[in-house]
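Structure, as structure tokens:
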Amino acid sequence: MSLTPESLNFDEARLDKIRTIQEAGVPLYPAKFERKDTIEEIRQRFHAVGHEKSEDGVITAGRIFTVRDHGKTIFADLGDESGRIQLYIRKNDLGEEQFDFVNSNLDRGDIIGVTGHLFRTKLGEITIWVDQVTFLCKSVCALPEKFHGLKDIEKRYRQRYVDLIVNDDSREVFRTRSRVISLIRRYLEDRDFLEFETPILQPIYGGANARPFTTYHNFLEQKFFLRIAPELYLKRLVVGGFEKVFEIARNFRNEDIDTRHNPEFSMVEIYEAYKDFRDMMQLTEGIISVLVYTLHGKYDIAYGDETLRFEPPFRKLSMEDAVREIAGVDIHAHTPDELRELAKNNRIEDYEKPQTQREFLVLFFEGMVENKLIQPTFVYDFPIENSPLAKKHRVKEGFTERFELFINGMEIANGFSELNDPLDQLARFEDQDAKRRAGDMEAQMIDADFITALGFGMPPTGGVGLGIDRLVMLLTNRDSIKEVILFPQMKPEAVKSEELVEEVRNEGIEPPSKG
RNA sequence: GGGCUUGUAGCUUAGUUCGGUAGAGCGACAGACUCUUAAUCUGUAGGUCAAGGGUUCAAAUCCCUUCAGGCCCGCCA
């Protein structure tokens, strides 16, 4: 099936106008327009302009958002990235031929350049009194309605460019996202961290517990995984002698999609030699509180019905204390059988599986505590079974020096005193491998080269990973991760699905059969 | 994987309860209008009611299947 202007839903009337413009010999898609002023600059420079036309002229450009045709005059709104401004176009100024040409061929959505002078209308609106209009790009797709904009969530995600054109608040979300990444980078660079890029295509995946995407390299004739975390490579850099490193990493996890999970997501991972998990909590707290303060001018921000308070220090409590305080269960005061009964009474699912106090600790934490941690809260001291890359706790038998940061019930950060004992690491990997063989699709693979790296010696090191998407959700008051990811993962639309399957086949990759 | 729910014109939507020729606003098109700003006024066109099947004299509406969303739960250690 071939694509045509009709099948693409290009607007007939606008295609006609393109023909008219081209027949008139007017270039429709010129290569360049010398814009002298942005709309924001114009607004600032002419903020005091009066009802008389200004002496100074402006040359600006942008997209037409509304057109109000009054016969011999036109009012229109022109917008660029910096803002919007009204245009006033008169037949007297352009001359009859020019004016009629513009009037009959200009559409909402077109991109034009204008030259003119500034004045203030009777009603007080700063306006460009236009004396020349240049077509820069003819839009052949009609924009959504000017007043209601584009509301259809599915369409907003699938055609993000339209969402960005018409929804100011959506543009603001992604502006914030860009600033978040930039501020994190600056925060770390100011403290002499070096930013590196490590492999996304990995022969062995690790650094987290998750199912990977797989792919295949034809030349090497080898299966590769898209990384689920950059952790094991960044630690190799610490072995190599870089003492403060970070990576702003896109990770890929082949798992379910919901309001808090996208198959590809962004994380900043940070490692610092001669630090431990407590230092990393402090670093995390520093980054996040500075982000909040820089973006909002205060430490308190509204999120849904809550006010989140980011003034440091954040609350910190051990997992045992968190469970004791919030679930009302003292793990150490009960036998596993008693704990099972308690879990059952509290209607926690899977209460039959755990065997040890530590396993019940995790069960109670996940079942009764996690989603109640609304204000920024560090939870530390995790059972060793769930933390194969974290150092054993210096005093607490059976635990690791690991923490997670929770905000609004979401895991935002995860860090620990990094395990640097190669023999211990080998034992932990072997434990993970046994779980994998037993069918745990998310258990980690044994990475022999990583253990070898540790064999050369890694200094005591603190590390932390921060989920950028979720952080942006909090900072922009959005309740779905899709709202803060420009192009979230979606199923192809029905019509295109068959073609896609066909193309995938042609690539020699069979889509998994259903069932 | 389970539950609930949505899909009607380019966009925003009414109509679905209780079956009876699919309605509006914006946008488009034609026309009027030289300080409007969701401009206004007059007129015109535009619909496979997500797709397919069924029930019925008759289906946007009821039933079934499928597709694509959304919310919640499970899974995500």
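Throughout, a chain's letter reflects where its sequence line sits, starting with A, and its residues are numbered from 1.
- A/Lys353 comes within 4.0 angstrom of nothing in the nucleic acid, heavy atoms only.
- A gap of 11 Å separates the C1' atoms of B/A9 and B/G23, to the nearest Å.
- One finds a side-chain N or O of A/Arg158 lying less than 4.0 angstrom from the OP1 or OP2 phosphate oxygen of B/G69.
- The base of B/G74 lies close enough to the side chain of A/Asp256 for a donor and an acceptor atom to sit less than 3.5 Å apart.
- Nucleotides B/U21 and B/U61 are separated by 15 Å at their C1' atoms, to the nearest Å.
- Listed candidates were B/A68, B/C35, B/C11. Nearest to the side chain of A/Tyr88 is B/C35.
- Here, B/G31 and B/U55 have their C1' atoms 50 Å apart, quoted to the whole Å.
- Counting non-hydrogen atoms under 4.0 angstrom, A/Glu404 reaches a base of the nucleic acid.
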Can you check nucleotides 5-8 of chain B for protein contacts, nitrogen or oxygen pairs under 3.5 Å, and list what you find?
none

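- The closest side-chain heavy-atom distance from A/Ile481 to A/Met473 is below 4.5 Å.
- Rounded to an integer number of Å, the gap from CZ of A/Phe416 to C1' of B/A77 is 12 Å.
- Here B/C11 presents its C1' atom at 14 Å from CG of A/Asp163, a figure rounded to the nearest Å.
- Nucleic acid contact for A/Phe119: base, since at least one base atom lies under 4.0 Å from a heavy atom of the residue.
- Ring-centre distance between A/Phe277 and A/Phe403: not below the 6.0 Å cut-off.
- One atom, CG of A/Asn9, and another, C1' of B/A9, lie 11 Å apart when rounded to the nearest Å.
- Distance CG (A/Asn103) to P (B/C33): 12 Å, rounded to an integer number of Å.
- Of the C1' atoms belonging to B/G25 and B/G15, the separation is 15 Å, rounded to the nearest Å.
- Toward the 5' end of RNA chain B, the nearer of the two residues A/Arg14 and A/Leu150, judged by each one's closest nucleotide, is A/Leu150.
- Rounded to whole Å, the distance from CD on A/Glu442 to C1' on B/G74 is 13 Å.
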**OP:** Applying salt bridge (charged side-chain N to carboxylate O under 4.0 Å, His left out), run through A/Glu264 and A/Arg250 and close with a yes or a no.
**Re:** CA-CA 6 Å; A/Glu264 52 182 298; A/Arg250 189 77 63 92; 2.6 Å; yes
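- Side-chain contact between A/Phe382 and A/Met319: present, with at least one pair of heavy atoms (C-beta onward) separated by less than 4.5 Å.
- Heavy-atom neighbours of A/Lys353 NZ from other residues, nucleotides or ligands within 6.0 Å: at or below the threshold of 12.
- Listed nucleotides B/G74, B/C33, B/C29 differ in distance to A/Lys72; the shortest reach to its side chain belongs to B/C33.
- The shortest distance between side-chain heavy atoms of A/Ile126 and A/Leu118 falls below 4.5 Å.
- Nucleotides B/G74 and B/C63, compared at atom P, are 30 Å apart to the nearest Å.
- Using C1' as the reference atom, B/U16 and B/A30 are 37 Å apart when rounded to the nearest Å.
- At least one side-chain heavy atom of A/Phe135 sits under 4.5 Å from a side-chain heavy atom of A/Phe101.
- No more than 12 heavy-atom neighbours from other residues, nucleotides or ligands sit within 6.0 angstrom of NE2 on A/His47.
- The CG-C1' distance, from A/Asp16 to B/G46, rounds to 15 Å in whole Å.
- Phosphate contact (OP1/OP2 of B/C11, side-chain N/O of A/Lys155, threshold under 4.0 Å): present.
- In this structure, the CG atom of A/Leu143 is 13 Å from the C1' atom of B/A28, given to the nearest Å.
- For the pair A/Asn254 and A/Leu226, the minimum side-chain heavy-atom distance is 4.5 Å or more.
- B/C29 atom P lies 13 Å from atom CZ of A/Arg108, rounded to whole Å.
- Nucleotides B/A45 and B/C29 place their C1' atoms 7 Å apart, quoted to the nearest Å.
- For the pair A/Tyr271/A/Met280, no side-chain contact is recorded, criterion being any heavy-atom separation below 4.5 Å from C-beta on.
- With hydrogens and angles disregarded, a donor-acceptor distance shorter than 3.5 Å links the side chain of A/Arg108 to the backbone of A/Pro144.
- Side-chain contact between A/Gln425 and A/Phe450 is present, with at least one heavy-atom pair separated by less than 4.5 Å.
- Shown here is A/Glu97, whose CD atom has no more than 12 heavy atoms of other residues, nucleotides or ligands within 6.0 Å.
- Nucleotides B/A28 and B/C11 place their C1' atoms 12 Å apart, quoted to the nearest Å.
- Heavy-atom nearest nucleotides on RNA chain B were determined for A/Lys482 and for A/Arg253, and the one closer to the 5' end corresponds to A/Lys482.
- The line from CZ of A/Arg211 to OH of A/Tyr205 is 9.0 Å long, rounded to the nearest 0.5 Å.
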Detail all sub-3.5 Å separations between protein N/O atoms and N/O atoms belonging to nucleotides 36-40 of chain B.
| unit_1 | atom_1 | unit_2 | atom_2 | d |
| --- | --- | --- | --- | --- |
| B/U36 | O2' | A/His70 | NE2 | 3.3 |
| B/U36 | O2 | A/Arg68 | NE | 2.7 |
| B/U36 | O2 | A/Arg68 | NH2 | 3.2 |
| B/U36 | O2 | A/Gln86 | OE1 | 3.2 |
| B/U36 | N3 | A/Gln86 | OE1 | 2.6 |
| B/U36 | N3 | A/Gln86 | NE2 | 2.9 |
| B/U36 | O4 | A/Gln86 | NE2 | 2.5 |
| B/U36 | O4 | A/Thr121 | OG1 | 3.0 |
| B/U37 | O4' | A/Arg68 | NE | 3.1 |
| B/U37 | O2 | A/Gln86 | OE1 | 3.3 |
| B/U37 | N3 | A/Glu125 | OE1 | 3.3 |
| B/A39 | OP1 | A/Lys146 | NZ | 2.1 |
| B/A39 | OP2 | A/Arg68 | NH1 | 3.3 |
| B/A39 | N6 | A/Asp69 | O | 2.8 |

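- Scanning atom types as modelled, no donor and acceptor separated by under 3.5 angstrom connect the side chain of A/Glu12 and the base of B/A45.
- Stems are defined here as 3 or more consecutive Watson-Crick or G-U wobble pairs with pairing distances under 3.5 Å; those involving RNA chain B are B:1-7 with B:67-73, B:10-13 with B:23-26, B:28-32 with B:40-44, B:50-54 with B:62-66.
- Backbone-only contact: A/Thr259 has heavy atoms under 4.0 Å from sugar-phosphate atoms and none from a base.
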